[in-house]
Number of protein chains: 2
Amino acid sequence: MTSDVGLRERKKRATRAALSQAAWSLMVERGIDAVTAETVAATVDVSPRTFRNYFSSREEAILDGIVQRASSLVEALRARPADEPVWDSLAHVLPEAITNVLGDRDDIAVLARVSAANPALLAQQLTVFAHVERLIAEVIAERTGADVERDLAPHLLAAVPGALMRAVVTFWADGDTDASLPDLVRASITQLRDGLPLGRAAPAT
Amino acid sequence: MTSDVGLRERKKRATRAALSQAAWSLMVERGIDAVTAETVAATVDVSPRTFRNYFSSREEAILDGIVQRASSLVEALRARPADEPVWDSLAHVLPEAITNVLGDRDDIAVLARVSAANPALLAQQLTVFAHVERLIAEVIAERTGADVERDLAPHLLAAVPGALMRAVVTFWADGDTDASLPDLVRASITQLRDGLPLGRAAPAT
DNA sequence: CGCGAAACTTGCTTTTCCGGCAAAGTTTCC
DNA sequence: GGAAACTTTGCCGGAAAAGCAAGTTTCGCG
């Protein structure tokens with residue numbers, strides 16, 4: 001899997017991973033202002049210029065880990081049996097996958113807190129989620145025989161995981177609920193599948 | 001409505017509107033690279049520094065018109081009878097309102113084209129949509145008796161208009177479909193209300 | 001093996017952007 | 001009328017973005 005790529009490619013990936021890892025840690029430990037090309041590069045022992053070759057902003061570096069992990073979510077979705085209804089695939093994959101992508105509760109809490117005070121990070125976060133949503137829409141389109149360039153349906157369906165990711169980052173991090181994240185996601189999917197039968201008081205908690 | 005605010009406030013709003021209007025026009029006519037603090041300010045006859053007092057980036061200025069118009073969408077939603085089911089309110093308001101917020105087909109096409117080539121504008125666009133989505137979630141929460149800070153449901157519901165806005169900007173602009181935008185939105189809402197009964201081939205077009 | 005091509009890293013440099021600060025001009029309010 | 005509050009503006013410094021070319025590493029092929 002990894003061995004069929006040459007040394008050059010492996011080094012690149014290692015550097016990229018190390019940089020984004022360092023960026024994340026720096027943010028957690030010293031705040032986002034401490035995340036500069038200089039400090040991150042110093043941590044990984046490359047030049048600041050190299051950091052800029054990999055990432056065009058500190059925000060991109062910080063969230064690159066999520067982007068990488070998200071691709072495994074997409075793979076998991078693609079790996080479901082081709083004849084399984086889309087909702088079932090989502091119900092199977094998302095509860096665990098979302099946790100994997102976003103990290104544990106502490107990570108999500110950090111991300112939520114910092115994003116709330118930092119428009120640039122929030123914007124980058126939304127960009128990342130939109131990117132993931134797009135990938136999911138493509139998978140759904142493949143499976144339903146829709147055309148991802150022309151049909152709305154796969155995108156509407158893909159908006160569900162997207163909304164879940166955003167909601168999770170925004171709310172669940174507060175810790176006001178004691179339900180486990182996978183359970184929360186499962187409950188939401190069920191609700192949505194049944195056409196969001198929400199009357200006057202049917203909160204998702 | 002507008003007369004109970006003083007001269008100072010009116011001037012501020014006028015300047016803000018003029019700046020964002022100028023920024024949009026400049027983008028349409030000369031491309032996004034022509035939109036700088038200098039050029040926009042010159043068009044409106046204020047100093048570049050003043051431009052920066054109002055907007056922290058050119059992207060913010062360009063999209064400020066959408067933000068302003070979006071608040072009328074939210075008002076329209078809030079104005080629906082309190083006992084009307086949420087889906088019905090959305091079905092009533094969104095088809096026309098989305099068109100109002102985003103502008104005519106040419107505007108949407110421009111936005112789509114430029115955003116596709118410009119990560120910063122795309123990010124700002126997503127930020128704007130997320131903001132609108134949040135407002136919609138608040139209205140829905142009010143009406144369903146949910147707690148916008150703790151319940152997922154209003155946010156999941158609000159994700160529908162959000163996804164529609166994004167999808168519209170992304171696809172409808174291409175002009176590959178000849179359905180009217182309001183009809184398209186109506187059809188999508190109906191589908192979603194009925195629980196997205198999409199089997200293997202039920203594209204939204 | 002070993003050599004030339006291609007790719008990556010790095011420092012340097014220029015340009016642009018962002019925002020703090022304080023002086024000058026407006027609006028508000030009493 | 002005049003002080004207080006707010007907005008506009010120019011100046012400025014620090015940070016970031018990106019082009020360029022020299023030096024180094026990896027790759028592919030004979």
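Order of the sequence lines fixes the chain letters, A, B, ..., with proteins taken first and strands second; residue numbering starts at 1 for each chain. Quick note: numbers below take in every heavy atom, side chains included, and nothing from hydrogens, waters or symmetry partners.
- Taking atom CZ on F55(B) and atom C1' on dG19(C), their separation rounds to 17 Å, with Å as the unit.
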Would you please test S25(B) and E29(B) for side chain to side chain donor-acceptor pair (under 3.5 Å) and show each step?
-> CA-CA 6 Å; S25(B) 301; E29(B) 288 158 23; 4.6 Å; no
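- Proximity of K11(A) to the phosphate of dT26(D): a side-chain N or O atom is located under 4.0 Å from OP1 or OP2.
- With dT9(D), dA17(D), dT10(C) as the candidates, the nucleotide lying closest to the side chain of R52(A) is dA17(D).
- Straight-line distance from the CZ atom of R10(A) to the P atom of dA7(C): 19 Å, rounded to whole Å.
- At dT9(C), one or more side-chain N or O atoms of Y54(A) fall inside 4.0 Å of OP1 or OP2 (strictly under the cut-off).
- Across the interface with DNA chain D, nearest-nucleotide mapping of R8(A) and S56(A) shows S56(A) to be the residue nearer the 5′ end.
- Separating the CD atom of E38(A) from the P atom of dA15(D) is a distance of 8 Å, rounded to the nearest angstrom.
- Salt bridge absent: R52(B) and E60(B) never bring a charged side-chain N and a carboxylate O closer than 4.0 Å.
- Taking every side-chain heavy atom of R49(B) into account, dC11(D) is the closest of dC11(D), dC20(D), dT27(C).
- If you find the closest nucleotide of DNA chain D to K12(B) and to P48(B), the one lying nearer the 5' end belongs to K12(B).
- Atom-to-atom, CG of N53(A) to C1' of dC12(C) comes out at 14 Å; the value is rounded to the nearest Å.
- Protein atom CG of D33(A) is 12 Å distant from nucleotide atom P of dG19(C), rounded to whole Å.
- Distance CZ (R16(A)) to C1' (dC8(C)): 15 Å, rounded to an integer number of Å.
- No donor-acceptor pair under 3.5 Å is formed between the side chain of N118(B) and the backbone N or O of V114(B).
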Show your working on salt bridge (Lys or Arg N to Asp or Glu O under 4.0 Å) between E38(B) and R49(B) and close with a plain yes or no.
-> CA-CA 9 Å; E38(B) 280 71 26; R49(B) 189 65 184 81; over 6 Å; no
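- R143(A) places a side-chain N or O within donor-acceptor distance of the main-chain N or O of R80(A), the cut-off being under 3.5 Å.
- Between the T39(A) side chain and the A34(A) main chain, a donor and an acceptor come within less than 3.5 Å of each other.
- For L7(B) and dT28(C), the CG to C1' distance is 10 Å, given to the nearest whole Å.
- When the side-chain nitrogen and oxygen atoms of S47(A) are compared with OP1 and OP2 of dT10(C), one or more of them lie within a distance under 4.0 Å.
- From one end of the helix from dC1(C)-dG30(D) to dC30(C)-dG1(D) to the other, with five pairs defining each end axis, the axis direction shifts by 30° (rounded to 10°).
- When the P atom of dC17(C) is taken as reference, atom CD of E59(B) falls 10 Å away, rounded to whole Å.
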Go through the steps for S180(A) and D183(A) under the test side chain to side chain donor-acceptor pair (under 3.5 Å), then give the verdict.
-> CA-CA 5 Å; S180(A) 84; D183(A) 284 347; 3.3 Å; yes
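- Position along DNA chain C of the nearest nucleotide to R58(B) versus E9(A) favours E9(A) as the more 5'-ward residue.
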